[in-house]
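Worksheet: one structure, shown below.
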Amino acid sequence: MEVLLYLIPAALVLGLVGLAAFLWALRSGQFEDLDGAALRILNDDQDGPDKS
Amino acid sequence: MSTQTLSSQPLDGMGAGCCPVSGLAEVATEHYSGPNQGLEDTGQVVDPSAFVRREGDLSSLHLMVENMSCAACIMKIERAVLALPNVQKARVNMSTRRLAVEWTGGEDLGWEIVRRVTSLGYPVAPYNPELLKKLDDKTNRQLLAAMAVAGFAAGNVMLLSVAVWAGAFSDMGEVTRTLFHWISALIALPAVAYAGQPFYRSAVMALKNGTTNMDVPISLAVLMAAGMSLQQTIAGGQHAYFDASVSLLFFLLIGRYLDTRARAQARSTAEHLLALNAHAATIADAQGRERSVPCDQLSVGMTLLVAAGQRIAADGRIISGQTEIDASLLTGETLPVQAKAGDQVYAGTMNVGNPLEVEITAVSEDTLLGEIVRLVETAEQGRAKYVRIAERASRKYVPVVHAIAAMTFAGWFITNGGVWEPALMAAVAVLIITCPCALALAVPVVQVIATGVLLRRGIIIKTADGLERLAECDYVVFDKTGTLTKGQIELLPSTSVSDGQLAIAAGLARRSHHPISQAIVRSAAQLDINQIDEVEEIPGKGLTGVYRGKAVRLGRADWLFSDTAPARDKRTEHMLETWLVVDCENPIRLVFSDQLRTDAKQVVASLQTMGIGVELLSGDRPEPTEVIANELGITNWKSSALPSQKVERLAQLSKQGHKVLMIGDGLNDAPALASGHASISPSSAADVSQTAADLVFQGAQLRSVLTALRIANYSGRIVRQNFALAIGYNFIAVPIAVMGLVTPLIAAIAMSSSSLLVTLNALRLKYRAGD
């Protein structure tokens with residue numbers, strides 16, 4: 001059962017990484033325009049029109 | 001000048017259409033444009049300079065954009081704006097249909113941006129971003145963050161719990177189990193403290209006010225479950241409910257988030273409509289220079305310059321200019337009335353003749369428009385008393401839940417001889433099981449799906465509870481002009497008018513903003529319009545010009561024929577007319593009328609067969625109202641109704657026990673729209689009316705009303721089914737909980753499966769709503 005000592009922390013850390021990534025995305029405004037994001041992916045332009 | 005009437009036509013007419021609009025607009029502009037492309041004085045393009053904000057070298061402008069609907073729209077707009085010199089950033093937000101632009105240099109570029117986007121077929125309106133509070137955005141974000149934390153915690157705690165449950169049937173030792181409980185506690189307690197805040201806050205607020213809401217039992221269940229689990233963990237017991245506590249939060253937060261999103265969507269739609277109204281007005285300052293100011297900065301005594309085709313921004317008296325005023329939005333009357341120097345004009349009416357100078361006598365709240373807005377607000381206060389079905393359910397549900405939990409505790413406490421531990425455990429189990437998880441999801445999920453379904457059919461829900469109220473309606477009151485009819489006069493097809501003659505008439509008419517002229521131009525859209533020279537408009541009378549050396553005139557009979565007018569066709573005698581005289585040839589009569597929407601008759605008939613009462617309430621004169629009522633088979637009709645009379649009639653109907661659905665578009669309908677049990681307006685309606693209405697439909701089809709009713713009824717049914725499902729679940733699970741037989745496993749299964757079932761049931765709306 002010693003394997004649990006590695007696996008549980010590993011699972012938790014991975015989960016926390018995911019949570020942190022989500023919170024970062026939320027803070028940087030990536031959830032402001034979900035409809036637009038869904039449509040922008042259809043744009044074939046590689047460099048995109050958004051200069052900033 | 002010649003582009004004005006023509007370019008405005010495809011933009012108005014296309015409604016929700018996306019790319020075709022711009023295509024048509026371009027063609028129209030190319031085809032008819034004269035040397036001076038004066039788009040700015042059509043009233044279509046708004047002067048943005050009053051809304052440009054400067055920070056050092058950087059200018060920024062925020063615009064509401066209409067007609068956007070696909071990925072190509074985003075790209076087209078962003079690319080077009082970025083192609084302009086000095087533009088640093090152009091970003092479209094599709095969810096809110098807004099465009100933010102930043103550039104270096106002067107504010108002049110604002111004009112260019114507005115003109116560029118408008119010419120692509122997307123009408124824009126500048127707005128002040130500071131006025132639109134970002135409050136919703138913030139709560140939305142907090143909910144999302146809370147949801148993420150709860151989701152993370154629920155997943156991981158569940159992982160450990162499953163191991164414990166599995167271990168209970170095999171060989172898991174007590175030490176391992178306690179270790180797992182401690183790890184769960186480590187994850188769950190901070191998550192409960194953080195993610196539960198939206199509920200705790202609302203519950204505390206309710207308790208402070210001496211009331212309860214759904215959040216009180218939610219907070220109680222979550223906190224008590226967490227607290228008791230902690231106690232069990234410390235004691236090394238086996239009844240830890242951490243998983244129940246966090247997954248409860250997770251599910252509830254999903255429901256709460258969906259609900260907030262639906263509300264935010266409704267609010268942003270309302271703001272969008274409002275901002276489209278917030279056009280700047282042009283004034284002449286003391287030195288006689290023209291200046292553009294936002295409407296809220298107008299004051300009494302200023303001189304307002306109103307170009308042809310513009311809406312008048314304030315009540316006032318005409319100083320100079322002679323013109324015709326289209327007051328159809330204010331009164332419901334189709335025909336423009338003449339106005340000359342000294343006459344009173346009202347905010348919200350449109351100047352269709354010549355440029356005017358108006359001395360402002362009243363602004364914003366004191367205007368006739370302001371009066372209507374006040375009536376709307378009074379009516380809306382009445383509506384705010386409406387209690388949503390979820391709220392009604394929770395008012396009955398919450399006391400019952402608390403009573404059962406309390407009785408469970410008391411029962412166990414007494415029968416077990418005063419030992420509080422198992423008694424508390426059973427009570428908490430009752431609270432967890434009865435926690436209105438499915439109830440909290442039952443309405444928001446349906447709301448979100450219904451909103452999406454309706455949006456795809458061009459119907460926008462503006463108020464969060466609009467759909468619920470719509471489903472209850474059993475009586476429909478229609479406005480006439482612009483609602484049952486198309487709201488614009490059209491040339492009736494006639495054998496006595498040849499294409500050649502129509503082309504000459506259109507050549508004259510395209511120089512004028514008069515509704516009759518515009519109707520002629522519209523009907524000649526397929527023809528090669530003849531070039532007419534020396535066109536001159538004589539306000540209130542007609543147009544003159546020269547065609548191939550011959551004098552041509554278009555206008556009123558009493559102006560063209562000094563003595564007696566030629567004979568008219570008996571059948572169309574009473575109708576709106578204009579005459580065309582080419583040189584010395586026989587005069588030609590053009591007849592117009594405001595046509596019914598193509599499916600108006602069908603819609604009224606379907607409503608009547610559904611057993612819904614139909615009534616017509618118009619501000620127009622009796623004769624045209626009667627014609628329309630007869631044609632549609634509406635027996636209850638009333639004409640010349642003032643805005644306040646419309647409200648009175650609605651109040652009278654609701655006293656008789658009817659739940660009235662008001663459908664209208666004019667400013668004069670706005671108070672009635674706000675006082676109806678529910679209301680719908682077309683997207684061509686006055687903006688005050690669109691703001692007052694619960695639903696707005698796009699396009700020329702009145703059938704949208706039936707669609708909205710059908711989907712509202714269907715979602716109402718699904719909401720009730722969901723409540724039944726959730727409560728049915730409790731009927732089975734509560735006795736088990738009261739008996740103290742609930743294990744964390746049963747609690748988890750009961751909770752998540754009822755939530756799932758409710759969500760799946762709501763999804764049926766999507767498939768069953770299809771035509």
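Note on naming: letters A, B, ... go to the chains in the order of the sequence lines (proteins, then strands), and numbering restarts at 1 for each one.
By the neighbour-count criterion of 12 heavy atoms within 6.0 Å, atom CZ of A:Arg27 is sparsely surrounded, having that number or fewer from other residues, nucleotides or ligands. Around atom CG of A:Leu7, more than 12 heavy atoms belonging to other residues, nucleotides or ligands sit under 6.0 Å away.
Using a 4.5 Å cut-off between heavy atoms, B:Val81 does not touch chain A at all. In this structure, chain B has heavy atoms under 4.5 Å from both the backbone and the side chain of A:Leu26. Contact of B:Leu179 with chain A is not made at all, since no heavy-atom distance falls under 4.5 Å. Within the 4.5 angstrom heavy-atom criterion, atoms from both the backbone and the side chain of A:Leu16 approach chain B. Looking at B:Asn156, the atoms closer than 4.5 Å to chain A (heavy atoms on both sides) all sit in the side chain, from C-beta outward. For A:Leu12, the parts lying under 4.5 angstrom from a heavy atom of chain B are both the backbone and the side chain.
No donor-acceptor pair closer than 3.5 Å links the side chain of B:Asn93 to the backbone N or O of B:Arg98.
Note that the CH2 atom of B:Trp103 and the CG atom of B:Leu58 stand 9.0 Å from one another [nearest 0.5 Å].
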Run the side-chain contact (heavy atoms from CB on, under 4.5 Å) check on B:Phe242 and B:Ile187 step by step: do they pass? CA-CA 9 Å; B:Phe242 289 118; B:Ile187 305 166; over 6 Å; no
